[in-house]
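Hydrogens, waters and symmetry mates play no part in the numbers below; they use all other heavy atoms, side chains included.
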Amino acid sequence: MKLGIVGAGLIVSTLLQFIHETDVELIAICATPNEKEKLEEMQKEHGFKYIYTDYDEFLKNDETEIVYMGVNNFLHYTFGKKALEAGKHIIMEKPYTSNYEQAKKLVDMAKEKHLMIFEAISTIYNPNFVKIQELLPTIGDVKIVSLNYTQYSTRYDAFKRGEILPAFDYKKSGGALMDLNVYNVHFITELYGAPNKVEYIANMEHNIDTSGILTLSYDNFQVTSIAAKDCGSPLLNCIQGNEGCIYTSSPLFTLTHFEHQLNKKEPVHYDFTGTSHRMKHEFLKFIEVFNNKDYKANDHMMEHSLIVMDVLTKARECIGLVFPDDENI
């Protein structure tokens, strides 16, 4: 896999912590002109063949097969569309896009052009998640699922001072739903598919949800999914069935461990991640699918991402949260 990267922020630095442990060749990296010095440092440290400060020029590089989108949420659609038009496959950072319609447009375009889009979401490729899928039948009929990702953000302090950074900026498709609850939504929809009903209530400040409670209704069970950037607490994520439960105190974006407990039995502890970087497993899967030209597997990935984007879009509609980018289709 010959990779080009767009962006030079924290998520890209995180990617570069482990990418050399995989079968990826770093071809090019692109960011803004005022980040050129940082790009030169990254080139020296990580061996990029080319650096760019113009995205259109970056896309003209024929050596790049696939583009990793490490840019702000509101740029995902426009940058993704240009990449597909240039014949590039995509690894899109979560969330896929700002809304369902944008995501559907990109997926349709990718299928038409016989290209792949992967969503970089660590949760559903984590070995612990795979084991949870395997153990689910043992807990009987699921009745209640409770998910919680609350994490007091240092950016919230700046937000209260009036410094609006992307994670809290409705103009850049930010907020607790898009930044944190997206992990919970990926988790439950990969296990059970699309819900029958979506409801969302949220604490709003400066036109953005700083925390909120998402409820999803399925045929025979209910899901409560909490995310907060304006407060914190110990976490518990739990799937409760009539014959047992599966639970973890880990946020689902890392899912470092979990417990499996049947009724009247002692819990069994599982941890299959070890010391591996949380993002490494997803990239290993992307490489496998990409190298094998497994379009069937990628179709499932894209359809799953569409379900997630549908949930997130319906949730925003519940609170009247409109992004300026919603009109960009």
Side-chain angles (χ1 to χ4, degrees), residues 1-20 22-33 35-36 38-39 42-43 46-98 102-122 125 173 279-280 282-295 297-299 301-302 305-306 309 325 328:
M1 178 186 286
K2 296 182 178 181
L3 184 68
I5 294 176
V6 185
L10 178 60
I11 192 62
V12 171
S13 297
T14 303
L15 170 70
L16 294 174
Q17 291 174 10
F18 72 89
I19 201 66
H20 297 288
T22 69
D23 184 24
V24 166
E25 182 181 352
L26 297 178
I27 301 297
I29 186 167
C30 177
T32 60
E35 294 174 300
K36 186 174 182 181
K38 189 173 184 179
L39 290 177
M42 288 180 165
Q43 181 182 37
H46 296 284
F48 289 98
K49 295 175 71 174
Y50 311 96
I51 61 173
Y52 294 90
T53 56
D54 183 286
Y55 184 55
D56 292 329
E57 291 301 313
F58 164 86
L59 289 176
K60 292 177 183 177
N61 189 315
D62 292 334
E63 293 182 51
T64 300
E65 296 176 309
I66 187 164
V67 177
Y68 172 77
M69 301 289 179
V71 295
N72 289 330
N73 297 349
F74 78 109
L75 296 173
H76 287 188
Y77 174 68
T78 52
F79 276 50
K81 185 170 180 283
K82 279 191 172 185
L84 293 174
E85 289 171 344
K88 309 296 185 186
H89 305 272
I90 299 172
I91 299 174
M92 187 74 81
E93 253 307 322
K94 65 83 189 168
Y96 220 54
T97 51
S98 295
Q102 288 180 343
K104 184 66 164 58
K105 185 77 176 288
L106 291 186
V107 167
D108 288 346
M109 188 181 300
K111 290 182 177 181
E112 179 184 336
K113 292 180 173 293
H114 207 54
L115 295 169
M116 295 183 177
I117 308 177
F118 303 92
E119 185 173 6
I121 182 77
S122 53
Y125 301 103
S173 306
M279 292 173 65
K280 184 176 178 180
E282 64 192 90
F283 271 79
L284 291 176
K285 186 62 177 181
F286 300 161
I287 293 166
E288 175 190 332
V289 171
F290 183 79
N291 287 346
N292 291 335
K293 296 181 173 58
D294 190 347
Y295 283 90
N298 187 243
D299 283 349
M301 293 172 173
M302 293 193 292
S305 290
L306 286 179
M309 286 311 309
D325 197 46
N328 182 19

Sorted by chain and number, sequence neighbours left out, side-chain hydrogen bond (donor to acceptor under 3.5 Å, both in side chains) with Tyr52 holds for Asn61

Would you say the ring centroid of His76 lies under 6.0 angstrom from that of Tyr96? no

When rounded to the nearest 0.5 Å, the distance separating CE of Met69 from CD1 of Ile117 is 9.0 Å

Residue set satisfying ring pair (Phe, Tyr, Trp, His ring centres under 6.0 Å) with Phe286, at least two apart, ordered chain then number -> Phe118, Tyr125, Phe283

Atom CG of residue position Asp56 - does it have more than 12 heavy atoms of other residues, nucleotides or ligands inside 6.0 Å?
yes

When Tyr55, Tyr77, Phe58 are each screened for side chain to side chain contact (heavy atoms under 4.5 Å, CB included) with Lys82, the one that passes is Tyr55

The side chain to side chain contact (heavy atoms under 4.5 Å, CB included) partner of Glu25 among Met1, Glu65, Lys49 is Lys49

| said: Is it the case that the side chain of Glu282 and the backbone of Ile121 share a donor-acceptor pair, with hydrogens and angles ignored and the cut-off at 3.5 Å? | reply: yes

CD1 (Ile11) and CD1 (Ile5) are apart, to the nearest 0.5 Å, by 10.5 Å

### Message
Does Met301 form a side-chain contact (heavy atoms from CB on, under 4.5 Å) with Met116? I'd like the steps, not just the answer.
### Response
CA-CA 9 Å; Met301 293 172 173; Met116 295 183 177; over 6 Å; no

In terms of heavy-atom contacts, Met109 and Leu84 come closest through SD-CB, 3.7 Å

Sorted by chain and number, sequence neighbours left out, side chain to side chain contact (heavy atoms under 4.5 Å, CB included) with Lys104 holds for Tyr100, Asp108, Leu306

Separation between OG1 (Thr64) and CG (Leu3), nearest 0.5 Å, reads 8.0 Å

Output for pair (Asn328 CG, Lys81 NZ), nearest 0.5 Å, gives 8.5 Å

Are Glu35 and Lys38 ion-paired here, with the side-chain N under 4.0 Å from a carboxylate O?
no

#### Entry: Short side-chain donor-acceptor distance under 3.5 Å, Tyr50 and Glu63
yes

Quick one: does any side-chain atom of Asn292 pair with a main-chain N or O of Asp294 as donor and acceptor, under 3.5 Å?
no

Between the side chain of Thr53 and the main-chain N/O of Pro33, is any donor-acceptor distance below 3.5 Å?
no

Sequence neighbours excluded, the answer for ring pair (Phe, Tyr, Trp, His ring centres under 6.0 Å) partners of Phe290 is His89

- Query: So does Lys111 have more than 12 non-hydrogen atoms from other groups sitting under 6.0 Å from NZ?
  - Reply: yes

What's the verdict on side-chain contact (heavy atoms from CB on, under 4.5 Å) for Tyr68 and Val12, showing C-alpha distance, side-chain angles and the deciding distance? CA-CA 9 Å; Tyr68 172 77; Val12 171; 4.2 Å; yes

Next on the checklist: Does His20, at its NE2 atom, have more than 12 non-hydrogen atoms belonging to other residues, nucleotides or ligands within less than 6.0 Å?
Outcome noted: yes

Note: Met309 and Ala103 closest approach over all heavy atoms is CG-CB, 3.8 Å

Interatomic distance, CD1@Ile19 vs NZ@Lys280, rounded to 0.5 Å, equals 10.0 Å

Side chain of Gln102, backbone of Ser98: donor and acceptor closer than 3.5 Å? yes

- Item | Residue pair Met92 / Val67, side-chain heavy-atom distance below 4.5 Å | no

Contacts of Glu57 meeting salt bridge (Lys or Arg N to Asp or Glu O under 4.0 Å) (sequence neighbours excluded), chain-then-number -> Lys60

For residues 2-17, the side chain to side chain donor-acceptor pair (under 3.5 Å) pairs (sequence neighbours left out) are Gln17-His277

| query | Side chains of Leu16 and Leu26: closer than 4.5 Å at any heavy-atom pair? | reply | yes

